[in-house]
Amino acid sequence: FLLPYPFSASKYGKGKYRLDGPNSRGSLNCIFFTFESAAEATEQTSLIEWQPKVELIGHTRALVKETLVLNPFLASPPPEATMLKIRLTALTDDIAGQLQQTAEAILKKNANGK
């Protein structure tokens with residue numbers, strides 16, 4: 001998938017990617033893409049509906065937002081993954097907003113094949 005500068009992707013398991021940007025600090029201030037089959041997915045949505053919550057990541061309180069959408073990268077492996085779970089972790093609301101915009105832009109850009 002195509003990523004905006006200065007984001008980079010690293011694979012950390014089958015169908016699991018972490019997208020790091022300029023503010024990334026370990027697993028904080030990152031976007032996570034997890035490809036799942038419809039059977040593994042807990043819920044399906046066609047619209048992006050972000051579910052915000054606060055979690056402890058390590059010893060740090062972080063804002064976490066998650067959504068589940070139809071996989072816009074169907075040509076990408078693994079082919080059985082019909083759903084894409086997107087999770088972002090952020091230290092501040094501002095960073096969460098920036099990461100959410102970036103994730104949505106990645107989906108839009110790749111869904112249009114641009």
Side-chain angles (χ1 to χ4, degrees):
F1 38 87
L2 303 172
L3 300 176
Y5 177 81
F7 279 83
S8 63
S10 56
K11 187 173 184 176
Y12 68 97
K14 183 179 179 184
K16 297 180 179 184
Y17 299 86
R18 185 177 83 195
L19 311 181
D20 292 307
N23 296 318
S24 295
R25 292 180 20 199
S27 58
L28 294 168
N29 299 335
C30 302
I31 302 168
F32 297 87
F33 281 2
T34 304
F35 294 92
E36 302 178 345
S37 70
E40 295 172 331
T42 54
E43 61 183 80
Q44 295 183 19
T45 62
S46 56
L47 301 173
I48 297 179
E49 298 174 14
W50 293 95
Q51 302 298 319
K53 55 187 170 184
V54 175
E55 287 184 9
L56 278 178
I57 298 177
H59 298 289
T60 305
R61 283 177 50 101
L63 176 62
V64 175
K65 290 186 175 184
E66 294 181 334
T67 190
L68 187 67
V69 296
L70 292 173
N71 180 2
F73 314 106
L74 286 177
S76 299
E80 69 276 2
T82 57
M83 303 301 295
L84 173 61
K85 180 179 181 179
I86 306 167
R87 175 183 170 97
L88 59 89
T89 61
L91 291 172
T92 67
D93 288 335
D94 288 343
I95 292 173
Q98 292 168 9
L99 292 173
Q100 183 175 331
Q101 288 177 345
T102 300
E104 290 174 359
I106 291 168
L107 292 178
K108 184 176 181 182
K109 188 171 201 170
N110 286 277
N112 293 336
K114 294 180 181 177

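Transitive grouping of hydrophobic side chains (ILVMFWY, heavy atoms separated by less than 4.5 Å) keeps Phe7 and Leu28 in distinct clusters. Ile57 and Ile95 end up in different hydrophobic clusters when Ile, Leu, Val, Met, Phe, Trp and Tyr side chains are linked at under 4.5 Å.
Atoms CE and CD, from Met83 and Glu36 in turn, are 8.0 Å apart once rounded to the nearest 0.5 Å. With rounding to the nearest 0.5 angstrom, the CD atom of Gln100 is 10.0 Å from the CD1 atom of Ile31. With rounding to the nearest 0.5 Å, the separation of CG in Leu99 from CG in Asp94 is 11.0 Å. How far CZ of Phe35 is from OG1 of Thr82: 11.5 Å, rounded to the nearest 0.5 Å. Rounding to the nearest 0.5 angstrom, the gap separating the CG atom in Asn71 from the OG atom in Ser37 is 11.5 Å.
A donor-acceptor pair under 3.5 Å is formed between the side chain of Ser24 and the backbone N or O of Asn29. Thr89 contributes a side-chain N or O that, together with a main-chain N or O of Ser27, makes up a donor-acceptor pair within less than 3.5 Å. At least one donor-acceptor pair under 3.5 Å links the side chain of Thr67 to the backbone N or O of Glu49.
Side-chain contact between Arg25 and Thr60 is absent, with no heavy atoms from C-beta onward closer than 4.5 Å. By the 4.5 Å heavy-atom criterion applied to side chains, Gln98 and Asn23 are counted as neighbours. Between Ile106 and Leu19 the shortest side-chain heavy-atom distance falls below 4.5 Å.
Closest of all the heavy-atom pairs between Gly26 and Asp20 is O-OD1, 4.1 Å. The shortest non-hydrogen separation linking Pro72 to Leu84 is CD-CD2, 4.0 Å. Contact between Ser8 and Leu3 at its shortest, heavy atoms only, is C-CD1, 3.7 Å. In plain terms, the two heavy atoms of Ala96 and Leu63 that are nearest each other are CB-CD2, 3.4 Å.
Checked against Glu55 for a salt bridge (charged side-chain N to carboxylate O under 4.0 Å, His left out), the options Arg87, Lys65, Arg61 give a single hit: Arg87.
Here Tyr12 sits in one hydrophobic cluster together with Phe32; the rule is ILVMFWY side chains under 4.5 Å apart, joined directly or through other members.
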Practice item. Kindly determine whether Leu88 and Thr102 satisfy side-chain contact (heavy atoms from CB on, under 4.5 Å), including the steps that lead there. Key: CA-CA 10 Å; Leu88 59 89; Thr102 300; over 6 Å; no
